[in-house]
Amino acid sequence: MAKGIYECVSCGYREVRESNAAIIENSCPKCGSDMVLVGFEIEPVEEAEESLIEPLVEKLSEFYSLGEMQVKGDVIAFEVLEIKETNFERVLKELEKLGYWAALKKREGKVVLFVFPAQPAKEENPFIGIGLFIATLLSTLFAGYWLSTSYIAFLEQYNLPGIRNVYLNAIAFSVSVLAILGTHEMGHKIAATLHGVKSTFPYFIPFPNILGTLGAVIRVKSPIPTRNAAIDLGASGPIAGFVVAIPVLLIGLKLSPMLPISAVAEEGGIAFGQSLIMLILEKYLFRIPEDYVIYLHPVAIAGWVGILVTFLNLIPAAQLDGGHIARAFLGEKLHSILTFGLGLAMIGMSVFWAGWLLWGFIILLMGRIGNPGALDEVSPISPKRIVLALIVLAIFILSATPVPISVVQ
C-alpha cells in the first residue's frame, strides 16, 4: 500500500504511515488525537502491470489525454497532456464506480492526476448527535432563563412594558439560537450533498456559558472535489445562518426596551459589541437616538449571536468557512502565510477584547494542520463563485464585531 502523510489535528505531529484512510482516529502517538491525511509519499518507481490498471486507464482516457505514468503501491500518478472533461465532479463519480478517488494538481509546471483507492466513510452513531442536541437544548434553555431574569429585572427597575414570562423568553432564546446554528450547519450539509461530499448531520455543542453553547459543526467525511465546491461549502453555512439571524435580530430589537443614557445606571453591566448591520438597523430602521441605550431582549441576543458566529466563521484562515473560500483563491503557501498573519493580528487585538487571544492561538494551531484545498486545483473558478465570494465578503464586513463583549465602566 502507498504511504500516506498524516498530521495530528491537535498538536501538529506529522509522520508517514502505510495507509490511505482519510482519518485515523485517536492515533497520534504524542497526544492521542485524530490523524488526518494531508498528502502521499510518491517516488518514481517501475511501471505497474498494465493488465491491472487497464480498465482505469481506459476510463481516464475518456476525460484526459495521458502522458507519463508512475506507480507506487495503490497510488498512480499520470501526467495530463489535455483536459477533455472540465467537470471534475463527473470524473470523480465515474472513478468511484471503479473504487477510486483522484486529485488534479500542478507539479513543476505540469498537470498531474493522482489516482488512489476510495475510502469508505465510517458510519456515525446517530445517538451521539441526538444526545448532543438534547444537551444543547437544555443548556440554551438554562442560558435563556438567566438572560430572561436579567431582562425582566430591567423592566421592573424602570417600570417598562415588555414580556415578563421568564419561561417564554427562555424558550424563545433557545429556539432562536438553535434555529440559527442549525440552519448554518444544514447549509453546509446541503452544499456538501450537492457536490457529492460525504458529511455528517450537525453536532451541537453544549456549554455552560451565558449563551449555553459553543455552536455546531458537521464533519466532512470525504475530500472536497473542486475549488467551486470549496467556495460553495464555505459560503453556504454563513449565508444561511445570516439569513435566519437577521429576522431574529429584528424581532429581538422590536422587543428590546430603550431609555435615555442619563436615566440608566450602566456601570458594571455587560455591553454586547455592535456590528455594522446592527448599527444600520438601530439607526435607520428603528431610529434609536444616539443618546439612548437599548437593553437587548433574549431573542435579540440570539440574533446577535448569529451575527457574531457568521463573522467568526468567515475569518479567512485555516479551515474556517472563510478559510475554505480563501484557500480556493490562494495557493497553499500564500494561505498559510495569511493564516499565520491573522493569528498574530488577533493576538494583538486582545488589548481590545481578551477573547481574541484565545482565537489567535486557535487559528495558529489550526494553521499548523493547514488546509489541503480541493482535489482539483487546476480547473478555474467560475464567475458565479467569484460573485458568491464577493457576497460573502460583504456579509463579513456587515457582521464584523471588533469588540464582541465588554464591561461598562
Side-chain angles (χ1 to χ4, degrees), residues 5-9 12 14 22-23 34 36-40 88-89 92 101-107 111-112 114 184-185 187-189 191-192 194-199 217-239 309-346 359-360 362-397:
I5 303 172
Y6 287 84
E7 193 163 358
C8 177
V9 299
R14 179 178 287 207
I23 300 176
D34 295 350
V36 297
L37 180 68
V38 295
F40 297 98
F88 189 73
E89 291 183 25
L92 285 180
W101 282 341
L104 196 62
K105 306 288 183 178
K106 288 184 178 179
R107 296 289 186 269
V111 176
V112 181
F114 296 96
H184 179 117
E185 296 306 326
H188 289 314
K189 176 66 177 177
L194 291 175
H195 287 286
V197 178
K198 299 177 179 65
S199 62
V217 297
I218 66 168
R219 293 187 65 187
V220 174
K221 309 291 285 184
S222 64
I224 299 174
T226 64
R227 294 191 290 171
N228 284 337
I231 293 172
D232 287 350
L233 264 70
S236 57
I239 290 176
V309 166
T310 299
F311 167 56
L312 294 177
N313 274 282
L314 285 179
I315 294 172
Q319 295 195 38
L320 296 172
D321 295 339
H324 287 303
I325 298 172
R327 177 66 177 85
F329 288 92
L330 303 175
E332 184 175 8
K333 185 176 181 180
L334 282 177
H335 187 251
S336 296
I337 294 172
L338 176 62
T339 296
F340 182 73
L342 287 171
L344 292 181
M346 288 182 188
W359 265 93
I362 289 174
I363 285 179
L364 290 177
L365 180 61
M366 293 172 65
R368 293 185 61 187
I369 302 170
N371 188 321
L375 291 175
D376 176 8
E377 292 194 304
V378 175
S379 301
I381 296 172
S382 71
K384 290 182 180 180
R385 273 37 179 242
I386 295 175
V387 172
L388 184 61
L390 291 174
I391 292 172
V392 168
L393 176 61
I395 292 175
F396 178 68
I397 294 171

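Each residue takes its place number in the sequence, starting with 1. Worth saying up front: this structure is predicted, and the values here are computed from it rather than measured. For the numbers below, each heavy atom of this structure counts, side chains included, while hydrogens, waters and symmetry mates do not.
- Distance check, rounded to the nearest 0.5 Å: CD1 of I397 to CZ of F311 gives 11.0 Å.
- Taken to the nearest 0.5 Å, the CG atom of L390 stands 14.0 Å off from the CZ atom of F396.
- Among residues two or more places apart in sequence or in another chain, the salt bridge (Lys or Arg N to Asp or Glu O under 4.0 Å) test is passed with K106 by none.
- A search for side chain to side chain contact (heavy atoms under 4.5 Å, CB included) contacts involving L194 returns I190, not counting sequence neighbours.
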Requested in this report: Decide side-chain contact (heavy atoms from CB on, under 4.5 Å) for L320 and M366; before the verdict, give the C-alpha distance in whole Å, the side-chain angles of both, and the deciding distance to 0.1 Å.
Outcome: CA-CA 9 Å; L320 296 172; M366 293 172 65; 4.2 Å; yes
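- Minimum heavy-atom separation, A192 to S199: CB-OG, 3.7 Å.
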Requested in this report: For side-chain contact (heavy atoms from CB on, under 4.5 Å), just list the numbers for E89 and N228, CA-CA rounded to whole Å, side-chain angles, deciding distance to a tenth of an Å, and then say yes or no.
Outcome: CA-CA 10 Å; E89 291 183 25; N228 284 337; 5.9 Å; no
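- Closest heavy-atom contact between I363 and A317: CG2-CB, 3.8 Å.
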Query raised in the report: Could you go step by step and tell me if L375 and L104 meet the side-chain contact (heavy atoms from CB on, under 4.5 Å) rule?
Result: CA-CA 6 Å; L375 291 175; L104 196 62; over 6 Å; no
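- Put simply, the side chain of P316 does not reach to within 4.5 Å of the side chain of I325, judged on heavy atoms.
- With rounding to the nearest 0.5 angstrom, the OG atom of S382 is 7.0 Å from the CD1 atom of I231.
- A side-chain donor-acceptor contact under 3.5 Å links Q319 to the backbone of G370.
- If you take OG1 on T339 and CG on L365, they are separated by 12.0 Å, rounding to the nearest 0.5 Å.
- Among pairs with a residue in residues 223-237, those fulfilling salt bridge (Lys or Arg N to Asp or Glu O under 4.0 Å) read D232-R385, at least two apart in sequence or across chains.
- The side chain to side chain contact (heavy atoms under 4.5 Å, CB included) test applied to H188 returns H184, E185, I218, S236, P238, D321, not counting sequence neighbours.
- Panel note: side chain T226, backbone D376; no donor-acceptor pair is recorded below 3.5 Å.
- Across V197 and P225, no two heavy atoms sit closer than the pair CG2-CD, 3.4 Å.
- Between the CG atom of L330 and the CG atom of N371 there is a distance of 10.5 Å, given to the nearest 0.5 Å.
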Requested in this report: Could you walk me through whether I386 and F329 pass side-chain contact (heavy atoms from CB on, under 4.5 Å), step by step?
Outcome: CA-CA 9 Å; I386 295 175; F329 288 92; 4.2 Å; yes
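- Applying the ring pair (Phe, Tyr, Trp, His ring centres under 6.0 Å) criterion to H335, with sequence neighbours excluded, gives no partner residue.
- Applying the salt bridge (Lys or Arg N to Asp or Glu O under 4.0 Å) rule to pairs touching residues 325-334 yields R327-E377, sequence neighbours excluded.
- L233 pairs with exactly one of H195, K189, H324 by the side-chain contact (heavy atoms from CB on, under 4.5 Å) rule, that one being H195.
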